[in-house]
Structure formats: structure tokens, C-alpha cells
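Taking it in order: structure first as C-alpha cells, then the write-up.
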Amino acid sequence: LVEHLSKCEDETMVPVLASKKASELPVNEVACILQADLQYGLNHGEVTRRRAYHGWNEFDISEEEPLWKKYISQFKNPLIMLLLASAVISVLMHQFDDAVSITVAIIIVVTVAFVQEYRSEKSLEELGKLVPPECHCVREGNLEHLLARELVPGDTQRLCCAPLEMPVISDCLCVVCKAADLSIDESSLTGETSPCGKSTAPQPAATNGDITSRSNVAFMGTLVRCGKAKGIVIGTGENSEFGEVFKMMQAEEAPKTPLQKSMDLLGKQLSLYSFGIIGVIMLVGWLQGKHILDMFTIGVSLAVAAIPEGLPIVVTVTLALGVMRMVKKRAIVKKLPIVETLGCCNVICSDKTGTLTKNEMTVTHLFTSDGLHAEVTGVGYNNAGEVILDGEVIHGFSNSSISKIVEAGCVCNDAVIRNNTLMGRPTEGALIALAMKHPFTSEQKWMAVKCVHRTQQDKPGVYFMKGAYELLIRCCTTYNSKGLALPITQQQRELYQQQKMYMGTAGLRVLAFASGSEMGQLTFLGLVGIIDPPRTGVKEAVGALISSGVAIKMITGDSQETAVSIASRLGLYSKGSQSLSGEEADQMDIQQLSRVVPRIAVFYRASPRHKLKIVKSLQNIGAVVAMTGDGVNDAVALKAADIGVAMGQTGTDVCKEAADMILVDDDFQTIMSAIEEGKGIYNNIKNFVRFQLSTSIAALTLISLATLMNFPNPLNAMQILWINIIMDGPPAQSLGVEPVDKDVIRKPPRNVKDSIITRSLIVKILVSSFIIVCGTLFVFWRELRDNVITPRDTTMTFTCFVFFDMFNALSSRSQTRFVHEMGLCSNKMFCYAVLGSIMGQLLVIYFPPLQKVFQTESLSIFGKIYF
């Protein structure tokens with residue numbers, strides 16, 4: 001019976017409506033399907049029943065992984081697995097000193113990586129601590145103030161912008177619009193800069209394409225800019241358009257970073273070399289008639305010694321230091337390997353609105369009716385900037401033609417700017433900002449205000465009008481010329497039309513202004529060009545990145561004219577560049593898009609689906625892609641990209657969740673700093689690998705030659721351990737903190753298919769090893785003339801090896817520059833490390849307790865000069 005009742009309840013439960021379907025239906029039909037009461041609202045019992053079926057108006061985010069699981073996951077690194085195997089083998093071979101040193105190295109690596117990533121997560125949590133969204137909803141005849149998560153399908157939600165812009169927290173069908181019109185900022189979802197006007201009229205199915213065409217639906221995650229309305233909640237949580245983006249993001253899997261791939265390959269190479277050493281030693285020993293088990297023991301010992309257990313420490317510490325440096329530059333990196341990924345990034349796909357631009361409409365040009373051209377400086381909703389005419393700054397009413405336009409822009413305005421924060425439409429905010437240095441509906445495309453003097457109300461008032469040029473010019477019979485109203489001629493009309501088209505092709509949004517005593521006989525005042533301007537410093541950063549071989553592609557929901565104009569201002573779009581619309585991208589499959597995407601600089605009218613397809617097509621041709629963005633519409637592409645970069649201030653929570661790196665100050669220039677860090681980190685890791693492997697090969701060669709040729713061992717076990725400490729200790733670790741070369745940004749991104757151990761690096765390693773071995777063997781041969789090994793012989797050989805290794809460390813500081821070019825003391829940590837190692841070596845030689853441990857003896861002045 002219970003199951004039967006439950007089944008009946010499911011069948012009678014109101015459904016959620018997709019925004020596409022709801023937008024095509026009349027309001028009364030939607031209200032009937034959702035059983036909504038527009039006047040009285042739902043009762044609390046019905047709300048509880050619907051919530052039990054549809055759930056809370058929030059996203060089902062998987063439970064946070066326990067700390068111990070996050071710690072254990074650090075052991076999945078192939079190099080760590082190889083070191084663990086080495087430690088186990090060392091225990092089985094009763095080489096406990098090696099086992100202990102390897103285990104300590106593993107614990108250091110895992111702990112440093114875990115702590116740094118945990119700190120990044122906590123920084124991100126602090127960034128994301130926001131007040132829970134709230135809403136106004138009609139229930140049981142009362143207007144209630146609720147948390148957003150409490151809404152259910154069929155609720156009647158009130159949308160408004162006072163006192164601040166209010167977020168829309170579910171998908172709603174507009175049923176009642178007041179105050180002339182409702183205007184909603186959908187830039188976080190669609191990328192459109194201009195607010196979208198809303199109405200109650202159903203959307204014809206023939207023209208109901210993407211979400212930008214649904215003018216009767218308010219979407220979750222957007223912002224009410226002006227006006228008031230009531231709406232029926234048609235979708236909550238994951239059943240909203242916002243939720244669709246969230247589900248796409250959850251389904252997308254983040255790719256492995258290039259450094260992780262390089263470390264995986266290096267781990268496999270070292271494993272292969274280790275087995276090769278064991279095999280060769282066993283084969284030669286067997287051919288010499290030696291006991292196979294003894295040779296296996298020697299081979300395993302050499303193989304374990306060959307594995308550089310310090311490498312994971314250096315990689316982890318170097319990455320951690322890079323992450324900490326990025327925090328100082330106001331960027332939060334969520335995972336350690338990510339900071340290196342940008343070093344090999346060769347394509348940056350950047351969202352326009354809020355990333356390359358400020359997402360703050362700003363007046364940049366004025367054209368007066370009497371032919372004056374003025375430029376407006378400054379960016380944003382503040383009084384920073386000036387109006388400049390013919391190189392001179394215009395103050396107050398010093399120019400009547402300009403002041404009349406500014407006056408009209410202020411009067412025909414509903415926006416308010418308080419503490420540099422806009423309340424109202426961005427376009428009107430731009431006019432207020434112009435007045436500080438200056439609604440018409442989307443159907444009417446004009447706005448008129450009648451003003452009457454407060455003390456002279458019996459006199460006729462003055463009309464001020466602003467709007468689209470084509471509609472406003474019809475109401476004008478005269479134009480303003482230095483304070484005089486002159487009749488408009490056909491020549492004047494053509495001039496104004498020409499200027500309007502010129503501003504439009506430059507990507508500016510154009511508004512016309514007029515005033516007069518009668519609506520049909522107004523005086524034309526001029527035109528204003530408004531644009532969402534580029535962020536400060538972005539053009540310089542773009543230029544530096546392009547010159548270093550990084551391609552930058554703008555992806556936006558804006559029109560082609562606006563997108564190309566901004567791209568041209570930033571140096572992204574030049575003669576010969578191409579642009580592609582989202583609709584055109586839809587008609588291509590991934591392979592077709594991959595063939596044309598290298599030539600495309602600007603993608604316009606792009607939806608979240610298009611952004612993801614563009615990222616995939618670039619990855620398909622082997623590009624390492626960074627994606628920047630701040631809106632909900634960017635989240636899926638951010639997660640799919642090799643590195644996702646979100647904006648910390650303007651970025652949505654979903655966007656930050658998907659990203660790998662967050663720019664706290666929304667500064668695009670920080671990406672350039674991250675690329676420098678990435679390239680520098682990779683170079684330091686290569687320097688360390690060169691030093692470690694050359695030292696390791698030199699030590700192995702000495703021991704192998706002595707073993708295979710039945711020579712006495714030139715170094716005892718404790719001396720080999722000391723060399724191993726130097727190899728993995730302070731001198732080696734200090735190579736990981738070598739300062740980033742300032743010229744590194746000019747070098748092209750590295751090829752991700754290249755292994756860390758390249759042919760040129762192998763040559764350098766072998767040359768260094770050969771010099772160390774030859775020098776050490778020469779000393780050993782000179783000391784062995786009496787054919788008797790004494791502590792002095794091993795001490796001379798041992799000290800010679802250590803000093804050769806210090807010079808090897810010095811030469812390993814850079815792959816391309818000499819020591820005198822870098823500066824001998826530019827890396828202070830390296831100087832301290834080498835000085836400490838030399839002091840330690842002197843203690844080993846001259847300090848009696850250590851002489852017994854290392855079987856050394858004091859060297860005479862002659863012995864020291866011998867070096």
C-alpha cells in the first residue's frame with residue numbers, strides 16, 4: 001500500500017520545466033502545469049511535499065575527501081612507488097641505512113606536497129566565503145524573505161534590484177513586469193556585456209534557439225539590474241540552466257599535467273635503467289665465474305643507489321616555493337604541478353567579459369551635433385578621468401555643446417553610483433561616470449524625461465531624450481551649434497549617420513541625445529560611444545606572451561564587431577586574422593575545427609558548449625591549453641583545459657570550483673608571472689636531474705669498474721653514503737631554488753612530448769661524469785703505486801670526488817648560461833649549501849670521531865695542494 005501511494009504521488013507530482021519549453025508557453029498554461037498560484041503562492045505543506053520530491057535548490061557536491069585519503073593519494077606518484085620498491089628491496093638485502101634514508105625522503109616529499117595543497121584549499125575556502133543567497137517569495141498570501149535553497153518548482157518569486165542588484169536564484173518564467181521593464185545582467189551565463197530586457201510574451205518556437213533568445217525567462221546565477229517582476233519558478237538546482245553547466249563540469253575530467261607526464265616517464269626510464277644495471281652486472285659476473293647470488297646482491301645495491309631519491313623532494317619543494325611566490329603575486333594555485341604547466345602552455349583561450357575587459361561600461365568618445373570630437377579617459381564607475389577636446393581638458397560648462405550632452409545623459413538616467421559601485425544598468429552607469437569626470441526599454445530603444453524648474457512650475461518644461469540614433473533623429477528638427485538651434489539639413493543627417501557607423505564599427509555602443517520644449521521638435525545634441533574597456537596592463541601582457549610563442553584566442557558571447565574591436569585594441573587581432581562564430585563552430589566536428597582553429601583569433605557568439613569544443617579541438621592537435629574565465633558559462637571549459645584560470649573577485653563559485661588557479665585580483669598579467677614561474681621551475685628541475693644523475697653515474701662507474709676488474713674498492717660504504725647525502729642533500733636541493741631567469745619569458749613553450757632527459761642533457765651528464773671519474777681514478781691510481789690501500793688513499797680519492805662534485809653542482813646551475821653571467825652569489829642558498837658541504841668534508845677528514853666512522857686520516861698541506 002505504501003509503495004502504491006508513493007507511486008501515485010510521483011505520478012501526480014508537478015514536473016520541472018525546461019526553460020526552452022516554458023518560454024514557448026503562455027503564462028497561464030505554465031501556471032497550470034506547475035499548479036502555481038500567482039496571487040496566493042504555495043502553502044507550506046505543498047512546499048514540503050515538492051521539496052521531498054525535487055530536493056533543495058542547490059547542487060549535489062560530493063562529500064569532501066578525508067584528510068588521510070588526501071595524504072595517501074600523494075603516494076600514487078610513479079617515482080614515489082619506485083622509491084618505495086627500493087626501500088623494500090633495501091630491507092630485504094639488510095641495507096637498513098639505505099632503507100631509512102629512502103623512507104625519510106618519501107615522507108618529506110609526501111608531507112610537503114600534502115601541506116601545500118591543503119593550504120591552497122584553505123585559501124580558496126576563505127576566498128569563497130560568501131553570504132548565502134536570499135530571495136523574496138510569495139507563500140500563503142505573504143511576501144516572505146527566504147534562503148535561496150528553500151525555493152521549489154511552482155513558487156512565485158519576486159525579482160527586483162533595490163537597494164542593490166539582486167541575484168536570480170532559480171530559473172523563472174516572467175509573469176508580471178513593472179516599472180517599464182525588467183533588465184537582467186546575464187554576462188556570467190552567456191558572456192553578453194549588455195543587460196537583457198525581459199518581457200512576459202511567449203517566445204515563438206521558430207526563433208527560440210539558445211538561451212539568449214528566451215526574453216521571458218530569468219535564469220539562475222544572473223543579476224537583476226533594474227525593474228521589478230514576479231516569476232514562476234520553473235527549475236531549481238541541477239534542473240536549471242545553471243545546473244546544466246554544473247553537470248557538464250562534473251562530467252568533465254581534468255587532464256594530467258605535463259610535469260606529471262614527464263615524471264611518470266622519468267620513473268619508467270629510471271626503472272628500466274635500474275633493471276639494465278642489475279642485468280649487466282649479473283651477466284658479467286656470471287661470465288667471470290663469480291657466484292650469481294653475490295652478483296645479484298651487488299647489482300641490486302647499485303641499482304638502488306642509482307635511483308635519485310632526492311628528485312621527488314626537489315620537485316615538490318621547488319613547486320611548493322613556486323606556489324608560495326604566486327600567492328605573493330595574488331594567485332592561488334590549487335595543485336602543485338599546475339604551477340609548472342603554464343611553462344609549456346602554448347595557447348591561452350581567454351573569455352572577454354571580466355577577464356580581458358573590466359565588465360564596466362565606460363564612455364570613451366563624444367561627438368557633438370556641431371561636429372566636435374572629444375575623447376574621455378578613465379575606466380570604471382568613478383570620477384577618475386577627463387574629457388579632452390583638441391588636446392585640452394574640458395571643465396564644467398566651458399563648452400556648451402559637450403555639457404548639454406552630459407546634462408541629457410544625467411537627466412535621462414535611473415542609475416546610482418555609490419562608493420564606485422553601480423546600482424542600475426551599466427550603460428547608464430557609464431553616463432553617470434561621464435558626469436562625474438555623465439531606462440529605456442529594449443523595445444522602445446529610447447527614454448525621455450520632462451523637467452520643470454522647481455520654483456517656476458507655471459513655465460513650460462524641457463524634454464531630455466536619449467536612445468538609438470535612428471529613432472531619436474526622427475524627433476529632431478534642429479541641431480545645437482555653440483548654443484544656437486539651427487535647422488537640420490540632409491548634409492547634417494548624413495554626417496551624424498557616418499559618425500554613428502564609424503563608432504559602431506569600432507565596437508562602441510552608440511547613444512544619441514536631444515532636448516527641447518516639445519517631443520516632436522527636439523534639438524539634436526550629439527552621440528556618445530560606450531565600451532567595456534580592456535583591463536589595465538592586459539595589452540602589454542598579451543604582447544609579451546605572443547612574442548614568446550603563446551597564441552591567445554578570445555572567446556566571447558558578444559557580437560563580432562565588439563569582439564573584433566576589443567581584440568584589435570589588445571593586439572590579438574590584426575590584418576589577416578580570422579574570426580569564427582559559435583554557430584559556425586557547431587557545423588564542424590572536432591577534426592574539422594582542429595584544422596581551422598590555429599588560424600582563428602576571435603570566437604564570437606560562443607556558448608559554454610562551444611568553449612568546450614574549442615578547447616578539445618586545440619588539445620586534439622597537441623596544444624597545451626590554458627582557459628581563463630569568470631562566469632558560469634566558462635566552468636566546463638575551465639575544467640577540460642590543461643589549466644583553468646578563474647577570476648577571484650568577479651568569478652562565480654562554480655567557476656572557481658572548476659579552475660586550477662585563481663587570480664585573486666583578476667589581473668591577467670599574473671598569468672605572465674605564472675608562465676615565468678613554470679618555465680623557471682622546469683629549468684631548475686632539469687638542473688637538479690643533471691647534477692644528481694652525473695654524480696650517481698660517476699659513483700656507480702667507480703664502484704662498477706673496481707668490482708668488475710677485481711680492483712680494491714676506492715670508496716668504503718660510509719664514504720659512499722656521505723656522497724649520497726651530498727647528492728640528495730643541501731647542494732642538490734639548493735639548485736631547486738635558483739632564481740628565475742628574467743629572459744625565460746621570451747623563450748618558446750617547451751614541447752610536452754619531450755622527456756626531461758633529452759639528448760643534450762644526457763651529453764652534459766656523461767661529460768660531467770667522465771670528468772669526475774677520470775679525475776678521481778687518476779688520484780686513486782697515483783695513490784695505489786705501492787699496491788697497498790691505506791686510509792690516506794681512500795681519503796684522497798674520497799675528498800677528490802667530493803670537490804669534483806662541488807664544481808659539478810656549480811656548473812649545473814644553468815643549462816645555457818655560464819657562472820659569471822648568472823653571478824656567483826645570485827643563489828645564496830646554493831652558496832650556503834656548498835660552504836656547508838665543504839665544512840662537513842673538512843670535519844670528516846680532521847675531526848677524530850668522524851675519522852673513525854669514515855675511516856679517513858688527516859691530510860698534510862702537500863695533500864691539500866695536490867688537489
Side-chain angles (χ1 to χ4, degrees), residues 9-25 27 29-38 40-62 130-140 143-160 166-175 182 184 186 188-190 198 211 214 216-224 229-251 608 631-633 635 652-654 657:
E9 188 172 309
D10 287 355
E11 289 174 355
T12 58
M13 180 56 64
V14 296
V16 290
L17 283 177
S19 65
K20 187 176 191 301
K21 181 180 178 183
S23 65
E24 296 170 1
L25 300 175
V27 170
E29 194 171 334
V30 172
C32 180
I33 293 171
L34 296 176
Q35 299 174 28
D37 189 326
L38 302 179
Y40 186 76
L42 302 175
N43 61 53
H44 292 297
E46 179 63 17
V47 168
T48 303
R49 191 173 78 92
R50 294 189 185 193
R51 187 179 296 125
Y53 182 79
H54 293 291
W56 295 94
N57 180 29
E58 59 189 9
F59 300 123
D60 183 21
I61 299 174
S62 55
L130 302 171
V131 178
E134 299 173 341
C135 65
H136 294 96
C137 179
V138 177
R139 291 214 179 135
E140 296 186 349
L143 184 64
E144 298 186 8
H145 190 77
L146 306 171
L147 290 176
R149 68 191 299 267
E150 297 179 32
L151 281 183
V152 296
D155 259 328
T156 303
Q157 184 186 350
R158 181 176 173 237
L159 306 174
C160 63
M166 291 289 287
V168 181
I169 37 72
S170 64
D171 283 1
C172 296
L173 182 79
C174 297
V175 294
L182 176 71
I184 293 181
E186 297 181 346
S188 68
L189 192 63
T190 65
K198 297 294 179 180
I211 59 176
R214 292 164 205 166
N216 57 340
V217 177
F219 298 103
M220 175 191 277
T222 58
L223 207 62
V224 178
K230 277 185 181 178
I232 301 174
V233 176
I234 59 174
T236 58
E238 293 184 8
N239 294 312
S240 62
E241 290 293 339
F242 192 106
E244 287 300 313
V245 176
F246 181 80
K247 284 188 281 188
M248 285 171 67
M249 184 195 78
Q250 293 291 89
V632 177
N633 59 330
T652 58
D653 287 349
V654 173
E657 174 69 24

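This chain uses plain numbering: 1 for the first residue, then up along the sequence.
To the nearest 0.5 Å, atoms CD (E24) and CD (E29) are separated by 11.0 Å. Note that CD of E150 and CH2 of W56 are 5.5 Å apart. Values are rounded to the nearest 0.5 Å. The CD atom of E46 sits 10.5 Å away from atom CZ of R139, with the distance rounded to the nearest 0.5 Å. Summarising the geometry, atom CG belonging to D155 is positioned 11.5 Å from atom CG belonging to D37; distances are rounded to the nearest 0.5 Å.
Considering all non-hydrogen atoms of both residues, T156 and G41 come closest at OG1-CA, 4.5 Å. Of all non-hydrogen atoms in A36 and G154, the two that sit nearest each other are CB-O, 3.4 Å. Nearest heavy-atom pair, N216 versus S23, reported as atom, atom and distance to 0.1 Å: ND2-O, 3.0 Å.
In this structure the side chain of L34 reaches within 4.5 angstrom of the side chain of I234, judged on heavy atoms. Under the 4.5 Å side-chain criterion, counting only non-hydrogen atoms from C-beta, Q35 is in contact with R50. Side-chain contact between L38 and V27 is present, with at least one heavy-atom pair separated by less than 4.5 Å.
Of the possible polar contacts, one joining the N43 side chain to the G45 backbone as a donor-acceptor pair under 3.5 Å is found. Between the side chain of Q157 and the backbone N or O of V233, no donor-acceptor pair lies under 3.5 Å. Using a distance-only test at 3.5 Å, with no hydrogens or angles considered, no donor-acceptor pair links the side chain of R158 to the main chain of V138.
With C137 as the partner, the side chain to side chain contact (heavy atoms under 4.5 Å, CB included) test is satisfied by one option alone out of V47, L143, L151, L42: L151.
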Might you work through the side-chain contact (heavy atoms from CB on, under 4.5 Å) test for V152 and H54, ending with a clear yes or no?
-> CA-CA 7 Å; V152 296; H54 293 291; 5.9 Å; no
Trace of the side-chain contact (heavy atoms from CB on, under 4.5 Å) decision for I33 with L25 = CA-CA 10 Å; I33 293 171; L25 300 175; 3.9 Å; yes
Checking side-chain contact (heavy atoms from CB on, under 4.5 Å) for the pair E144/H44: CA distance, chi angles, key distance, verdict?
-> CA-CA 12 Å; E144 298 186 8; H44 292 297; 3.4 Å; yes
